[in-house]
Structure formats: C-alpha cells, structure tokens
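A quick write-up on the structure given underneath.
Side chains are part of it too, since the values below use all heavy atoms of this structure and drop only hydrogens, waters and symmetry mates. Nothing fancy with the numbering, it's 1 onward along the sequence.
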Amino acid sequence: MRHIVLRAALACAAWWGLAGCGRTVPADGELAVIPQPASVGLAEGSFLLSARSPIVVGMEGAEPVARALDEVGEALFGRPLRRADSPAAGAVVLRRDTALAGEAYALTVSPEGIDIAAGSPAGAFYAVQTLRQLLPPEAFGAGDVRRAEIPCLTIVDEPCMRYRGVMLDAARHFFTVDEVKRLLDILALHKINTFHWHLTDDQGWRIEIRKYPRLTEFGSVRTRTLIGRDPGGEYDETCRFDETPYGGFYTQQEIRDVVAYAAERFITVIPEIEFPGHAVSALASYPWLGCTGEQYEVRQTWDIDDRVYCPGKETTFEFIENVLAEVAELFPGPYVHIGGDECPMTYWKGCPHCRARMRSEGLTHWRQLQNYSTARLERFLNARGKQLIGWDEILEGEVTPTATIMSWRGTEGGIRAARQGNYAIMSPGTYCYFDHAQAVGEGEPLSWGGYLPVDKVYAFDPCAGLTPGERRFILGVQANLWTEYIADFDHLQYMLLPRLSALVETAWSLDRKDWDDYRRRVDRLRRLYDACGYNYARHLWAE
C-alpha cells in the first residue's frame with residue numbers, strides 16, 4: 001500500500017470545455033498525480049475511453065461519482081457517458097470493496113475498461129479525481145476528441161490524514177454563491193474534504209438568521225472599506241478608504257444550495273460563527289449584546305477590536321444559542337466552529353454583568369469567563385448532535401476533552417491539545433496562511449504580509465514533536481484564506497494555487513513526500529489549471 005513504484009507523473013485533463021468527436025488522443029507516456037498515490041504499478045497496453053464507454057454503478061450512494069464521470073465525458077466528448085446495468089467491454093465500473101478503508105480506492109485501467117473499487121463513494125470520487133489527471137494533456141481544448149488513451153495501470157491509494165481543509169473568510173470580503181461553488185470545484189480536484197466557511201466577523205455578518213433579521217439588514221454592510229497597506233503593516237498615509245458601502249450575505253436557501261453542492265463532491269462544510277470576540281457586526285445590529293449597550297458601526301478596518309459580546313448577560317447566550325440553533329439546521333456536518341480567538345477582555349473588566357457572572361460561577365480570573373462561555377456553547381451544540389471547534393486560544397484555560405482545537409499560532413496549540421487528549425487540526429500561520437505572499441518582487445498582488453513560498457508549504461510536518469500515540473489526535477491540516485486584502489475571486493485563486501497542491505500532499509501523502517518528484521508532477525498539474533481557467537502563480541514555473 002505504501003510503496004511508490006513510479007516517480008513521473010501522467011497528464012491532466014479538464015472536466016469542462018472540451019467537446020467534439022474526431023481524433024484519438026494518445027497518452028503521453030508519463031504519470032503525474034497529485035497528491036502522490038500510495039502505490040502505482042504500470043502494465044502493458046492502454047484503454048481508449050470514448051463517448052460509448054458506459055458507467056456501471058455497482059455501489060450504493062455512488063450517483064455523485066457517476067455524475068463526476070459524466071462531467072469528464074462532457075468535457076471530452078460533449079456529452080455525458082451512458083449508463084449500463086452490468087459490466088461490459090469498455091465500461092467504467094464503480095464497486096464497493098469492503099477490504100478498503102472509507103476514503104481508499106483501487107483504480108485499475110486495463111485494455112477492457114476501468115475498474116474503480118472503493119471503501120465508500122467518497123473513495124470512488126477520489127479515484128475519479130485521479131482519473132482526471134490520467135487523461136492525456138493533448139485533449140485540452142482540442143475540440144475534436146473521439147477517444148482518449150489511458151495507459152494500463154493499477155493505483156491503490158488512501159489518505160494519511162482524515163481532515164483536509166480550506167477556510168474561506170467571507171466576512172472581510174464577500175464571495176458570491178457561484179464563486180464559492182467554483183472554489184469547491186478546485187477543492188474537489190485536490191481531494192480536499194472540508195470547507196471551513198468563516199461567516200461572521202467585525203467587518204460583516206454574512207449568514208441569514210431568521211430570528212434576528214437586523215444581522216443581515218445592518219450587520220452585513222459597512223459604510224466604507226480600507227484598501228492598501230504600507231510595507232510595515234501599519235495604517236498610515238499610504239492607506240485610503242473606498243467610500244462605497246460594501247455588503248452581501250447568504251440566504252438560508254443559498255446556504256443549503258452550497259452545502260448540497262459540496263456534498264456532491266464529498267466535502268463537508270463547517271460554518272464559523274465567531275464568539276465571544278470579533279463581534280462588532282453583531283453588536284452594530286443589536287447593541288444590547290455588548291457590555292455598554294452603545295450603538296456601533298460595522299468595523300471598516302482590520303485590527304482586533306475590544307468591543308465583544310457580553311457573557312455576563314443571559315440575553316447574550318439566548319441570542320447566540322438561537323443563532324446556533326438555526327446554523328445547526330443548515331449544516332448537516334458534525335462540526336460548528338465558534339472562533340474563540342483574539343478576544344480582548346477590556347470591556348468585561350468594567351462590566352457589572354460580567355463581574356456578577358464571575359462571582360456566581362466562582363471564577364477567579366477573566367480568561368475563565370471565556371472558558372465558561374465556550375463550555376456552555378459546547379453543551380448546547382452537543383445536545384444538537386454537533387461538535388465544537390475553536391481556535392487555539394480556547395486552550396488558555398480549561399477546555400473540555402471533547403472540543404477540537406484548530407492550531408493557528410504555530411503548532412504548539414495542536415501539540416498541547418494532542419498531549420492532553422483533544423483532537424487538533426494544524427493550521428499554523430507559518431505554513432498554512434495563504435493570505436501571505438507566495439513570491440517576492442514587482443507584480444505580486446496585495447497580501448497581508450509575510451512570505452510563504454510553495455517549498456515551505458510542502459516542508460510542513462504537522463506531527464513533528466509528537467509520539468506515535470499522540471499523532472493519532474492530529475486530524476489533519478487546513479489552509480486559511482483570510483480576505484482583508486483579497487477582494488475578488490481571481491486574487492483568491494492566485495493566493496491558493498499552486499500552494500494548495502503542496503499542502504494537500506502533506507495531508508494525503510505525509511509519509512511519502514518527495515520535493516523533487518512533486519515539482520515534476522505539479523508542472524503537469526498546471527496544465528489542468530490552464531484547462532479549467534484557474535488563475536495561479538504562473539511565473540513560479542519560469543524559474
């Protein structure tokens with residue numbers, strides 16, 4: 001399972017944009033699959049995939065996989081592949097193999113057809129992503145494809161880590177439903193299985209909550225937006241404001257649409273509703289949620305804000321629990337992220353309600369007030385069948401053994417969580433913050449600061465410093481796209497690609513990474529990016 005028989009990579013093909021029926025497109029003789037499969041073995045001969053190749057669905061729940069294959073057919077031949085009830089010559093067969101783990105698959109290409117065996121439909125879907133990369137690059141945009149040649153081989157594969165995530169901050173800058181779906185397509189190609197959707201922050205509330213309509217009526221709109229930044233990261237005369245009001249939010253129906261679209265790609269969506277910090281958009285909508293009751297505006301700049309929820313008031317918990325009740329109904333996945341990061345306690349210390357809460361709960365220092373709030377929300381979510389995730393600040397006091405920690409301030413939070421028996425997701429800024437620049441020099445788009453090149457992303461070891469017993473508590477890794485300076489989807493793609501391919505190889509292929517081999521394979525992957533019309537750092541290949 002774990003040996004690698006080949007190092008070279010095979011060609012890539014897009015799902016979209018190729019049509020026609022004419023020539024046979026031969027394979028180019030190389031293999032290039034990202035992330036690196038566990039085992040690859042070549043055999044003699046090849047298979048010719050054509051519009052007449054039927055799909056045989058022999059596993060329950062695999063219709064989304066068949067639809068993914070249809071998209072391959074539409075890309076190559078201008079029409080989906082037909083269905084068949086039983087295996088026949090030239091068929092693509094989907095079947096379950098109970099000997100394989102849930103996300104594992106065995107992809108066999110022979111002259112007679114393609115056999116995809118998997119432990120679950122998710123595993124079969126990942127086999128299709130691999131198949132996309134086996135299609136010949138000459139098919140890209142050819143427009144006259146009748147048959148596409150694939151070399152005979154067997155790939156047996158499964159991921160090393162079960163959590164492979166990407167976070168999108170839709171609060172600082174809003175992205176449309178179509179753009180989110182386009183992002184999900186990119187994640188599916190890279191075998192990402194989790195989409196973390198950051199939906200609320202000081203600068204905007206982006207999710208409809210029917211019980212509290214002012215959240216989107218007022219909290220989703222800021223009167224102006226800071227643009228530009230100086231090299232040192234401080235606001236000065238080099239910065240200016242766009243005075244145009246900025247807003248946007250997702251209706252509950254749009255949320256359901258995105259969740260369903262993700263599920264078709266075997267991606268779980270995790271919503272993030274910030275509490276108790278990063279709350280100005282909520283306080284601007286309902287001032288009684290804060291300690292002072294003052295009327296605020298939705299924040300227009302990006303710094304940490306002292307104005308946070310008041311955990312001394314029962315009305316605050318009534319609000320956040322009502323919000324989370326609606327959120328839990330919209331997102332069927334197991335997790336809800338409550339943030340928990342960067343929460344100043346300035347206002348709490350002068351608040352009579354917070355002081356009274358400290359006394360009634362027997363709390364002796366202010367951080368315990370946040371821990372109390374986190375534990376209370378976790379009980380609420382657990383009662384609704386959900387698990388709580390928070391950024392690593394929630395470890396600063398007592399945290400329940402069932403909370404999952406997302407480690408962003410380095411890996412120390414994840415290491416501490418694993419050592420005390422909490423599950424953790426590694427997402428340190430030094431390796432996983434894709435709002436940092438991935439190259440230096442003129443022409444680079446605006447970024448938060450810092451420098452995170454592809455080779456550094458690839459070098460990340462999320463389990464460094466842990467014993468084998470502790471490593472089992474590291475669920476996986478996540479890339480974060482904070483959007484203070486990412487205002488449109490082209491910029492977002494540029495910051496994501498090709499770095500996502502490097503990070504997913506850590507999650508999928510941790511124990512078999514090879515930088516030189518990756519460089520050869522990613523050079524092929526960029527052809528798929530081109531075929532799909534993705535914006536990526538093309539100049540990185542000019543070196």
Counting distance only, does the side-chain N/O of [X] pair as donor-acceptor with the main-chain N or O of [Y] below 3.5 Å?
X: S447; Y: G450; answer: no
X: D169; Y: T483; answer: yes
X: R206; Y: G248; answer: yes
X: K513; Y: F460; answer: yes
X: R96; Y: M59; answer: no
X: H491; Y: L446; answer: yes
X: T251; Y: E254; answer: yes
X: E272; Y: G390; answer: no
X: S50; Y: R146; answer: no
X: Y458; Y: D514; answer: yes

Short N-O contact, [X] and [Y], less than 4.0 angstrom:
X: R416; Y: D392; result: no
X: E63; Y: R83; result: yes
X: E505; Y: R512; result: no
X: R524; Y: D517; result: no

| salt bridge (Lys or Arg N to Asp or Glu O under 4.0 Å) assessment of E71 paired with R265 | CA-CA 12 Å; E71 293 187 18; R265 288 145 184 81; 3.8 Å; yes

Just checking, any donor-acceptor pair under 3.5 angstrom between side chains of [X] and [Y]?
X: K181; Y: T176; value: no
X: D97; Y: Y105; value: no
X: E274; Y: T200; value: no

| said: As a quick check of understanding, evaluate side chain to side chain contact (heavy atoms under 4.5 Å, CB included) for W197 and I270, giving each step before the final call. | reply: CA-CA 6 Å; W197 208 356; I270 296 177; over 6 Å; no

| request: Using ring-ring contact (aromatic ring centres under 6.0 Å, His included) as the criterion, point out the one residue from Y529, F195, W508 that pairs with H190. | output: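 Answer to the ring-ring contact (aromatic ring centres under 6.0 Å, His included) test with H190 among Y529, F195, W508: Y529.
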
Residue pair [X] / [Y]: nearest heavy atoms and the distance that separates them:
X: W391; Y: G340; result: CD1-N, 4.4 Å
X: L187; Y: V166; result: CD2-CG2, 3.7 Å
X: A537; Y: Q438; result: CB-NE2, 3.6 Å
X: V477; Y: A507; result: CG2-CB, 3.6 Å
X: P271; Y: L199; result: CB-CD1, 4.2 Å
X: S501; Y: V522; result: OG-CG2, 3.6 Å

If we only count heavy atoms from C-beta on, is the [X] to [Y] side-chain gap below 4.5 Å?
X: L134; Y: L107; value: yes
X: Y163; Y: T404; value: no
X: I116; Y: V65; value: no
X: R409; Y: E393; value: yes
X: D115; Y: R95; value: yes
X: V109; Y: P151; value: no
X: L49; Y: L76; value: yes
X: V72; Y: L131; value: no

Just list the side-chain donor-acceptor pairs under 3.5 Å for residues 426-433, sequence neighbours left out, or say none.
| unit_1 | atom_1 | unit_2 | atom_2 | d |
| --- | --- | --- | --- | --- |
| S427 | OG | Q478 | O | 3.0 |
| S427 | OG | N480 | ND2 | 2.7 |
| Y433 | OH | W482 | NE1 | 3.4 |

| said: Restricting to side chain to side chain contact (heavy atoms under 4.5 Å, CB included), what partner residues turn up for N193, sequence neighbours left out? | reply: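 Testing N193 for side chain to side chain contact (heavy atoms under 4.5 Å, CB included), a comparison that skips the adjacent residues, returns E103, Y126, R164.
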
| request: Quick one: list whatever passes side chain to side chain contact (heavy atoms under 4.5 Å, CB included) with Q493, sequence neighbours left out. | output: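 If we apply the side chain to side chain contact (heavy atoms under 4.5 Å, CB included) test to Q493, skipping adjacent residues, the hits are I186, F489, D490, Y534, N535.
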
| request: Walk me through it: do E74 and R79 pass the test salt bridge (Lys or Arg N to Asp or Glu O under 4.0 Å)? | output: CA-CA 4 Å; E74 289 172 348; R79 58 182 179 180; over 6 Å; no

From [atom1] ([X]) to [atom2] ([Y]), nearest 0.5 Å:
X: C160; Y: Q36; atom1: SG; atom2: CD; answer: 11.0 Å
X: L475; Y: I389; atom1: CG; atom2: CD1; answer: 8.0 Å
X: T411; Y: L466; atom1: OG1; atom2: CG; answer: 8.0 Å
X: E44; Y: L153; atom1: CD; atom2: CG; answer: 12.0 Å
X: L42; Y: T154; atom1: CG; atom2: OG1; answer: 9.5 Å
X: L48; Y: R147; atom1: CG; atom2: CZ; answer: 5.0 Å

| query | Please walk me through it: do L492 and L168 pass side chain to side chain contact (heavy atoms under 4.5 Å, CB included)? | reply | CA-CA 9 Å; L492 184 150; L168 173 65; 3.3 Å; yes

| K456: salt bridge (Lys or Arg N to Asp or Glu O under 4.0 Å) partners, not counting sequence neighbours |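 K456: no salt bridge (Lys or Arg N to Asp or Glu O under 4.0 Å) contacts found.
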
| task | If the plane angle is over 60° it's perpendicular, under 30° parallel, otherwise tilted; pick one for F266 and F125. | result |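 The rings of F266 and F125 sit tilted, inter-plane angle from 30° to 60°.
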
| message | Please evaluate residues L388 and V336 with respect to the criterion side chain to side chain contact (heavy atoms under 4.5 Å, CB included), reporting the C-alpha separation (whole Å), side-chain torsions for both, the decisive distance (0.1 Å), and the verdict. | response | CA-CA 5 Å; L388 178 144; V336 172; over 6 Å; no

| request: Provide the full list of salt bridge (Lys or Arg N to Asp or Glu O under 4.0 Å) pairs with a residue in residues 120-130, sequence neighbours left out, each pair given once. | output: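 Output for this query is empty, none listed.
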
| Could you walk me through whether W515 and V454 pass the side chain to side chain contact (heavy atoms under 4.5 Å, CB included) check? | CA-CA 10 Å; W515 168 249; V454 175; 4.2 Å; yes

| query | Of R520, R519, R526, R527, which meets salt bridge (Lys or Arg N to Asp or Glu O under 4.0 Å) against D523? | reply |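 Looking at R520, R519, R526, R527, the match for D523 under the salt bridge (Lys or Arg N to Asp or Glu O under 4.0 Å) is R526.
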
| query | Pairs in or reaching into residues 463-476: which pass side chain to side chain donor-acceptor pair (under 3.5 Å), with residues at least two apart or in two chains? | reply |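 Applying side chain to side chain donor-acceptor pair (under 3.5 Å) to every pair that reaches into residues 463-476, excluding sequence neighbours, yields T467-E470.
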
